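What follows is a single structure, written as structure tokens, with notes after it.
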Amino acid sequence: MRNLFKILLRYHFVILFFLIEFFSLFLVIQNNHYQRASFLKSTNFLSGRVYSWFDSFSQYLSLKEANEELVRENAYLYNNLKSFYFTARVDSHKVVDNEYKQQWEFIDAQVINTSTNKQSNYLTINKGRSHGLEPEMAVIGPKGVIGVIKDVSLNFATVIPILNKNLSISAKIKRNNYYGSLVWLGNDYHYAKLNEIAYHVQFFYGDTVVTSGFSAIFPEGINIGTIYYYSKKEGRNFYDITVKLSTDFKSISNVYIIKNLMKIEQATLENKATND
Amino acid sequence: MIKELLRSVLIFVFLILLQVLVLNNIQFSGYINPYMYILILFMLPFETPGWLGLVIGFILGFSIDLFSGTIGMHASATVFIAFIRPFLLRLIAPRDGYETGTFPRLYSQGYRWFFRYTIPLVFIHHFFLFYVEMFTFTNFFTTFLRVILSSIFSLGLILLSQFFLYKK
């Protein structure tokens, strides 16, 4: 017993090192296991507070640009408002309108923390479960797709943006509706790759790439970016396409969360098909 | 003594805020992420007991982790260099030991000693951190390039700190 104590005392430095080091690595692996339980990321009280405080400061500095962007967006939305359209049809009798049923609901939020320099980046937004957010809802910005919600706490939520190697989004070329999957390569936050576009497909530099709407997360036709560069590789069946993302991930602040009101209906139907 | 301790705590808080609010947002072509906060470990007095260094290293890394959502990553890297530090200090000590009352600073130990002290530690820290972040050795050389470039940047910042934060 006494000898054990002696040994402990003698090698306390090395023993303590191994204890703390293994504890740290245990934490890493634990969090890696759930794709880095990003819940902890700034959704916790202290860092959430500091970040929202710092963000309110940096937002103040860019108020002008944010306002201009909002005005432009308002104008665009006004243009699409049904009440501003002239009705050409003459209704001779009253109908209960079953024609329009809302499928997508928009909730606005602010980004309070973001990173662009890691392999797996995350954003934090200031809306959470209490505002009706759930995991796997789509997040878009004024200029296009941003990502998908990963975790929600009561008042915050984390978002996996396109800039995360774990996310791939079903995207299509607007010109001809051919679709593929969009993934980020982990280096430059301006560009992503569009895979699975076969050689017979015709397209041009600068063609718009939009969401395909196949996943029940994103509505169809939301802007992602433009084709920046493409090439054919020997012995492959698909183009190598680089897409320039329309969203500048360094400067996002206002975002919208899109809720699919018919998601459950679609999912149950599709599950039925795969179970058969 | 109390005044010195208070100053150290203030620098601790300052460097952590600088790291999470400013330096974590710096990025050149996806390769360079400077990590200057390890400076706190470097500047501990020579006589700091090893176990205290490990504990401070863990607290330091863990605070950065809390802010960047990388639980355990920075902590494991800082604890590792806190473990290496005493051995390195002994290895590069002058023949008759460090003068009593001096600190591991540029002004008291000179350029040659300072680089022999900081370059290995910064490199080991960055190496450890980046590979734990990737958690794989695939793309070994891309990551290695990130380690090298980021180390150079961090070293520059650490050198600068010797003229502003830790001057005579």
Side-chain angles (χ1 to χ4, degrees), chain A residues 11-34 36-48 50-51 53-55 57-58 113-124 151 158 163 165 184-191 249-250, chain B residues 13 16-17 20-34 49-59 61-87 128-130 132-136 139 142-143 145-146 150:
Chain A
Y11 295 107
H12 72 280
F13 181 53
V14 178
I15 293 169
L16 187 68
F17 164 68
F18 278 112
L19 279 180
I20 302 185
E21 190 68 53
F22 281 123
F23 177 63
S24 305
L25 290 175
F26 165 76
L27 287 177
V28 174
I29 292 161
Q30 185 81 351
N31 288 296
N32 245 12
H33 189 65
Y34 304 100
R36 315 230 163 97
S38 47
F39 173 72
L40 265 169
K41 183 193 173 81
S42 73
T43 28
N44 73 52
F45 182 71
L46 174 74
S47 51
V50 174
Y51 275 125
W53 167 78
F54 185 71
D55 192 62
F57 172 71
S58 59
N113 181 28
T114 141
S115 71
T116 54
N117 53 6
K118 302 201 190 90
Q119 298 296 307
S120 309
N121 294 296
Y122 293 98
L123 312 176
T124 312
D151 288 306
T158 47
L163 304 189
K165 283 176 142 181
W184 186 55
L185 289 189
N187 40 21
D188 193 327
Y189 66 91
H190 290 114
Y191 303 100
F249 281 86
K250 281 269 185 193
Chain B
V13 174
I16 285 183
L17 289 180
V20 293
L21 297 180
V22 181
L23 295 183
N24 275 357
N25 294 317
I26 289 189
Q27 181 191 27
F28 294 113
S29 64
Y31 281 115
I32 298 179
N33 317 125
W51 64 268
L52 186 61
L54 291 176
V55 172
I56 292 177
F58 182 75
I59 294 173
F62 200 73
S63 342
I64 300 286
D65 281 333
L66 276 184
F67 281 101
S68 37
T70 52
I71 298 306
M73 276 184 209
H74 287 274
S76 59
T78 46
V79 168
F80 189 63
I81 54 166
F83 176 68
I84 302 276
R85 195 183 92 107
F87 297 106
F128 199 103
L129 180 68
F130 283 60
V132 168
E133 187 192 351
M134 295 293 288
F135 227 76
T136 158
N139 292 331
T142 326
T143 313
L145 190 65
R146 286 176 66 205
S150 302

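Naming convention: chains lettered A, B, ... in sequence-line order (proteins, then strands); numbering from 1 in each chain. Values in this document were obtained by computation on a predicted structure and should not be read as measured data.
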Practice task
Please name all residues satisfying side chain to side chain contact (heavy atoms under 4.5 Å, CB included) with A:Leu19, sequence neighbours left out, ordered by chain then number.
Solution key: A:Ile15
Exercise for the section: Name all residues meeting the side chain to side chain contact (heavy atoms under 4.5 Å, CB included) criterion together with A:Tyr191; count only those two or more places apart in sequence or in a different chain, and write none if there are none. Expected result: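 With neighbours one apart ignored, the set is A:Asp188, A:Tyr228, A:Thr242, A:Lys244.
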Problem - Exercise: do B:Ser150 and B:Asn33 side chains pair donor with acceptor under 3.5 Å - result: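 No, B:Asn33 and B:Ser150 have no side-chain donor paired with an acceptor closer than 3.5 Å.
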Practice task
Check whether B:Pro86 gets within reach of chain A through its side chain, its backbone, both or neither, counting any heavy atom under 4.5 Å.
Solution key: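 The side chain, not the backbone.
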Completion exercise
Bottom line for B:Phe130: the part with an atom under 4.5 Å from chain A's heavy atoms is neither
Exercise for the section: Please check if the distance between the ring centroids of B:Phe80 and B:Phe128 is under 6.0 Å. Expected result: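 Aromatic pair counts; centres sit under 6.0 Å.
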Handout entry: Toward chain B, the part of A:Phe23 with a non-hydrogen atom under 4.5 Å
Key =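 Looking at A:Phe23, just its side chain touches chain B.
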